[in-house]
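The block underneath contains the structure these notes are about, expressed in structure tokens.
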Number of protein chains: 2
Amino acid sequence: MTQLDIPGTTEHSPRLGRKRDHTRDPEILAAALEVLAETGYDGMTIDMVAARAKAGKATLYRRWPSKGELIIDAVACMKQSGNDYSRLPDTGSLRGDLVAMIKPLSIKDSEKKLQILAGLMSMLSHDPGLADAANAALLEPKVAANRVLMQRAIERGEISAGCDIDLLSLITPSMVAYRVLILRKPVDSAFLLSLIDGVLMPAVGLGPPTNGKTD
Amino acid sequence: MTQLDIPGTTEHSPRLGRKRDHTRDPEILAAALEVLAETGYDGMTIDMVAARAKAGKATLYRRWPSKGELIIDAVACMKQSGNDYSRLPDTGSLRGDLVAMIKPLSIKDSEKKLQILAGLMSMLSHDPGLADAANAALLEPKVAANRVLMQRAIERGEISAGCDIDLLSLITPSMVAYRVLILRKPVDSAFLLSLIDGVLMPAVGLGPPTNGKTD
DNA sequence: CATATACGATACTCTTTAGTTTCGGATCTT
DNA sequence: AAGATCCGAAACTAAAGAGTATCGTATATG
């Protein structure tokens with residue numbers, strides 16, 4: 001599904017025969033993420049991942065020493081995949097930028113990431129390293145994007161420099177997570193728009209777009 | 001720890017001998033919740049729960065047909081315990097009420113509930129009933145409290161009736177959940193106050209308490 | 001006090017799954 | 001083409017844990 005690029009050194013050099021085929025690692029990691037999202041860490045088995053990737057179970061163990069390491073690798077590799085926040089919207093207004101971030105593809109991506117997060121939620125308490133990796137790969141990209149947008153708005157003087165953008169940039173991700181994981185309701189434009197207009201814009205001091213009167 | 005009250009019918013009546021001792025059910029359910037919070041659903045074993053409750057494993061199976069049913073019961077029983085939101089703060093102002101909700105005990109309670117939630121997060125996708133039960137027992141009480149406070153503020157004319165209180169009442173719970181489960185940072189008054197003053201109050205149209213000037 | 005029954009402890013069965021080993025076939029190197 | 005090695009498939013091992021059965025003890029009922 002995702003085309004990843006692993007630094008993939010060719011191990012130590014054998015005189016003859018084949019080299020270890022690292023070209024399929026991305027497929028295996030993608031399969032692991034799929035199964036993880038569907039069944040959770042404990043529900044998932046190595047056989048499921050191998051079957052999904054059409055690889056032998058032994059092949060997986062030739063590359064990763066354990067199930068846990070495989071998952072850590074799989075989560076970590078999500079960080080660089082599909083996060084093309086390099087070109088963020090730049091409409092000239094904060095609201096325009098935030099609205100421009102609402103895209104079906106982005107929503108689907110978020111929902112998949114949240115399913116993965118749910119799958120390893122119970123391990124996060126016991127493995128701080130995994131928790132950091134999961135945050136960095138699954139949530140932080142979106143948070144960072146929001147932060148950049150707000151920072152730009154500060155720099156162009158649109159909003160006050162006193163805004164707690166570290167806090168505000170967490171609102172959408174955490175509300176989306178709540179809605180998907182707990183309420184199990186779909187994330188649609190209406191919901192995201194009500195977050196933008198009902199929460200974020202007022203919080204940065206930009207009044208509501210339609211109703212400027214208090215009474 | 002928690003003193004629960006189970007309707008506890010005495011099964012069918014035996015002629016002689018003891019009746020089934022349902023007085024210890026609450027202790028067992030409390031033990032189950034503790035182990036669940038500590039190790040997650042899959043990590044927890046019936047033996048752990050039995051040991052924690054100083055009960056025999058067979059005793060647990062005499063009362064609950066399976067591990068899953070035990071957990072469902074344990075989560076469900078949380079709903080009525082420790083949720084004395086019957087007497088909510090009533091300071092006369094929304095901000096006063098929200099600030100009055102900040103109490104160390106309440107924070108500890110939330111954190112424990114969130115650990116329980118994390119423990120069964122991966123099952124919520126596969127068991128909608130459990131998801132509803134978990135939400136009703138672990139998150140919804142806090143959400144409902146916020147909603148009541150805001151509804152009162154609307155009724156007394158403090159804030160606009162157009163406020164989306166169903167949305168706004170989710171903000172604190174979801175942000176706290178994010179902070180505890182993902183960021184694994186402590187929830188303190190400073191954080192909650194910045195939510196109130198930096199997000200909620202602006203969103204309901206009540207300006208910041210110190211700085212009323214826009215420029 | 002006698003008896004039936006529920007209790008806690010513990011041994012047991014059976015299923016699942018992580019991780020290993022084996023093997024025939026495919027493929028790269030020389 | 002020959003040889004070495006990696007591949008996928010599948011059999012295998014070992015450990016963990018859900019659920020059951022047994023047993024001696026405690027206790028409520030009568």
Side-chain angles (χ1 to χ4, degrees), chain A residues 6 8-29 31-32 35-36 38-74 119-120 122-123 126-127, chain B residues 6 8-29 31-32 35-36 38-74 119-120 122-123 126-127:
Chain A
I6 298 293
T9 56
T10 53
E11 303 281 317
H12 38 79
S13 50
R15 300 265 179 93
L16 234 40
R18 298 164 65 197
K19 295 185 197 128
R20 181 143 283 165
D21 177 15
H22 275 197
T23 63
R24 300 214 41 217
D25 285 13
E27 296 174 51
I28 295 172
L29 292 174
V35 178
L36 176 62
E38 288 166 19
T39 68
Y41 178 82
D42 293 285
M44 106 185 223
T45 70
I46 296 290
D47 291 277
M48 287 183 202
V49 178
R52 182 78 58 114
K54 288 197 233 306
K57 178 154 76 154
T59 302
L60 271 66
Y61 278 104
R62 283 183 200 114
R63 288 172 174 71
W64 295 276
S66 71
K67 178 180 170 181
E69 297 280 335
L70 169 64
I71 288 304
I72 290 174
D73 236 39
L120 25 91
S122 65
M123 328 214 31
H126 306 98
D127 187 340
Chain B
I6 298 294
T9 58
T10 52
E11 303 278 318
H12 39 79
S13 48
R15 300 266 178 93
L16 235 41
R18 297 165 67 196
K19 295 186 197 128
R20 181 144 283 166
D21 177 16
H22 274 198
T23 63
R24 300 213 41 218
D25 284 14
E27 297 173 52
I28 295 172
L29 293 174
V35 177
L36 176 62
E38 288 166 20
T39 68
Y41 178 82
D42 294 283
M44 105 184 227
T45 69
I46 296 291
D47 291 276
M48 287 184 202
V49 178
R52 182 76 57 111
K54 287 196 233 304
K57 177 154 77 154
T59 302
L60 271 67
Y61 278 102
R62 284 183 199 112
R63 288 173 173 71
W64 294 277
S66 71
K67 178 180 169 181
E69 297 280 333
L70 169 64
I71 288 304
I72 290 174
D73 237 39
L120 22 95
S122 66
M123 327 213 31
H126 306 97
D127 186 340

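Each chain gets a letter, A, B and so on, in the order the sequences are listed, and its residues count up from 1. Keep in mind that the numbers below use all heavy atoms, side chains included, and drop hydrogens, waters and symmetry copies. Computed from a prediction, not measured in an experiment: that's the story for all the values here.
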Could you check how far CG of B:Leu60 sits from C1' of C:dT10, rounded to whole Å?
15 Å
As an exercise, state the distance from CD1 of A:Ile71 to CG of A:Leu36, rounded to the nearest 0.5 Å.
4.5 Å
Walking DNA chain C from its 5' end, the first of B:Ala50 and A:Met44 to be reached, judged by nearest nucleotide, is B:Ala50
Atom CG of A:Asp42 and atom C1' of C:dA18 are separated, to the nearest Å, by 13 Å
Between atom NZ in B:Lys54 and atom P in C:dA6, what is the gap in whole Å?
24 Å
Between atom CE of A:Met123 and atom CG of B:Asp42, what is the distance when rounded to the nearest 0.5 Å?
10.0 Å
Atom NE2 of B:His22 to atom C1' of D:dA28: distance rounded to whole Å?
16 Å
Sequence-distant partners of B:Glu38, salt bridge (Lys or Arg N to Asp or Glu O under 4.0 Å), two or more places apart
B:Arg52
State which residues pass salt bridge (Lys or Arg N to Asp or Glu O under 4.0 Å) with B:Lys57; sequence neighbours excluded, sorted by chain then number.
B:Asp47
When rounded to whole Å, the CH2 to C1' distance for the pair A:Trp64 and C:dA18 reads 16 Å
Compare side-chain N and O positions of A:Arg24 against OP1 and OP2 of D:dG8 and report whether any pair is under 4.0 Å apart.
yes
Here's one to test your reading of the geometry: is the NZ or CZ of B:Lys67 within 45 degrees of the ring axis of B:Tyr41 and under 6.0 Å from its centre?
yes
Measure all distances between protein nitrogen or oxygen atoms and nitrogen or oxygen atoms of nucleotides 19-22 of chain D, and list the pairs falling under 3.5 Å.
unit_1: D:dG19; atom_1: OP2; unit_2: B:Tyr61; atom_2: OH; d: 3.1
unit_1: D:dG19; atom_1: OP2; unit_2: B:Lys67; atom_2: N; d: 3.0
unit_1: D:dG19; atom_1: N7; unit_2: B:Lys57; atom_2: NZ; d: 2.9
unit_1: D:dG19; atom_1: O6; unit_2: B:Lys57; atom_2: NZ; d: 2.7

Do A:Asp127 and A:Leu120 have side-chain heavy atoms sitting under 4.5 Å apart?
no
